Amino acid sequence: MPAEHTRRPRLIAVAGARPNFMKIAPLLRVLRNRGHLETRLVHTGQHYDAAMSDQFFAELGIPEPDVNLGVGSGSHAQQTAEILRRMEPVLVEQAPDAVVVVGDVNSTVAASLAAVKMGIPVAHVEAGLRSFDRSMPEEINRLFTDQIASWLFTTEPQAEANLLREGIPGERIHFVGNVMIDTLVEQLPRARARDTLERLDLQPGAYGVLTLHRPSNVDDPERLRRIFAVLAEIQRGVPLVFPVHPRTQKALESLLGEQGTAGLLTTPPLGYLDFLRLLADARLVLTDSGGIQEETTFLGVPCLTLRDNTERPVTVTHGTNTLVGGDPAMLLAAVREALAGTAREHRVPELWDGRAAERIAAILERDLGDTGRAQRNGSGT
Ligand code: UD1
């Protein structure tokens, strides 16, 4: 019998940037524990700093990558092209039966394209999210990845509606829940045991957390200045902790100059556990991140999102998220409301229960098992 038929089906999981790591961690753990598929991990190297990458591998128990493509920073075209170029020989050598990608970063779309061009099917975890704002690089990454993926694993019902509208066949779409919440559920007890608040001299429930890194906020000097003028005012009512993303650090240095960061308590990018501890005990959170909208919804902490849209509508309809755009008056009003304690009704969205990775593993095992493989060969895909 040829070797190919005796080995377990092989899966390559791809991660590249910080928000990928908490999504890939439960998938790898569950797939390896179940043992039906052989899994390998490729790190594209999109994020490469200790603070943006290594720390997450260590804290979340992610195994050492089997391959690191080491692409580093660059323009979108450069970064995407480098991942494509460096991924192809890895796929040739490893000959996986499928590739799993997560989220919406450049690594997600580039690895998917490299795989499908070689006839290797792609599974996209966190498929179908749409901001309907094509000026966001992540939106383009989502649209492309979903069009070429064979399995589309979704986190909320609206995602399926988006995919069906774009002509994706329903049988490819699987509503499985949220792998990022799998990680949160697992790590919350460890995070709560951290001395993060003591180190930063903060009291539970008496501070806000700020994160800001979207190009639409930090690359536009006018908008950034406006935001910081309001933050200075908010800071008078509640101290704000601000872990600064490397991209934002550059913008702050060159754009804000002597205006500085409005007296906010700035820190370097934090590890997963410290950041989760901060979120869990915060009075409110101000952010332009995608993932943090979901984490605060799960934790029941008010989240004010400094964007005009969200690709994660369930965090607004069910969760604690409010879109405040870039309008200072709206932001201030929303902060006052959150501080006044008029907490909104909220619920944890369906299937955000810590078991999404199990559901994904079961589907992949079913479809990549011998029967699945025979079916795929028979249908020529
Ligand atoms: C990327 C993702 C974004 C995600 C964010 C989380 C895309 C299109 N965007 O944006 O969806 O929310 O990651 O962090 O993929 N840098 C470092 N050290 C690092 C990584 C980056 O200093 O380890 C600096 C680089 O100089 C780089 C800048 O940060 O130019 C931006 O990094 P990049 O990965 O290009 O995009 P992000 O803005 O981080």
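All of these numbers come straight from a predicted model, not from anything done at the bench. First listed ligand is number 1; within each ligand, the first listed atom is number 1.
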Point to revise | Gln79, Met52, His76: member with heavy atom nearest to atom 35 (O) of ligand 1 | key: Gln79

Study note, to complete from the structure: Of all protein heavy atoms, the one nearest atom 8 (C) of ligand 1 is Asn106 OD1, 3.3 Å

Could you pull out every donor-acceptor pair under 3.5 Å between side chains of residues 11-20 and any protein atom, sequence neighbours left out?
from: Asn20; atom 1: OD1; to: Gly16; atom 2: N; distance (Å): 3.0
from: Asn20; atom 1: OD1; to: Ala17; atom 2: N; distance (Å): 3.3
from: Asn20; atom 1: ND2; to: Val102; atom 2: O; distance (Å): 3.3

Check your understanding: Where does Gln249 meet ligand 1, judged by heavy-atom distances below 4.0 Å: at the side chain, the backbone, both, or neither?
Key -> neither

**Study point:** Thr108 and Asn141 side chains, donor-acceptor separation under 3.5 Å
**Key:** no

Check your understanding: What part of Pro19 sits under 4.0 Å from ligand 1 if we count only heavy atoms: the side chain, the backbone, both or neither?
Key -> side chain

Point to revise | Side-chain touch Met22/Leu60, heavy atoms, less than 4.5 angstrom | key: yes

Review point. How far is atom 28 (C) of ligand 1 from its nearest protein heavy atom, and which residue and atom name does that atom have?
Key: Arg247 CB, 4.1 Å

Study note, to complete from the structure: In this structure, atom 2 (C) of ligand 1 is nearest to the protein heavy atom Val105 CG1, 3.6 Å

**Study point:** Any N or O of His213 closer than 3.5 Å to N or O of ligand 1
**Key:** yes

Review point. Where the closest heavy atom to atom 14 (O) of ligand 1 is concerned, which of Lys250, Glu139, His245, Arg18 has it?
Key: His245

Point to revise | Protein contact to atom 18 (N) of ligand 1 [nearest heavy atom, distance to 0.1 Å] | key: Asp49 OD2, 2.9 Å

Review point. Looking at atom 9 (N) of ligand 1, what's its closest protein heavy atom, distance included?
Key: Glu138 OE2, 3.4 Å

**Study point:** Validation row: Leu200, Leu278 side chains within 4.5 angstrom (heavy atoms)
**Key:** yes

**Study point:** Side-chain ion pair, Arg40 and Glu38, N-O less than 4.0 Å
**Key:** yes

Review point. Would you call Lys23 and Glu126 a salt bridge, using N to O less than 4.0 angstrom?
Key: yes

Exercise for review: Report yes if the distance between the aromatic ring centroids of Phe57 and His43 is under 6.0 Å, otherwise no.
Suggested key: yes

Review point. What protein heavy atom sits nearest atom 27 (C) of ligand 1, and how far away is it?
Key: Ser73 OG, 3.4 Å

Review point. Any side-chain heavy-atom pair from Leu91 and Ile120 closer than 4.5 angstrom?
Key: yes

Check your understanding: Would you say Ser53 contacts ligand 1, with heavy atoms under 4.0 Å as the rule?
Key -> no

Point to revise | Closest protein heavy atom (residue, atom, distance) for atom 24 (C) of ligand 1 | key: Pro246 CB, 3.8 Å

Check your understanding: Considering only protein heavy atoms, which is closest to atom 20 (C) of ligand 1, and at what distance to one decimal place?
Key -> His47 CD2, 3.2 Å

Check your understanding: Considering the options Leu69, Val67, Thr44, which one meets the side chain to side chain contact (heavy atoms under 4.5 Å, CB included) requirement together with Met87?
Key -> Leu69

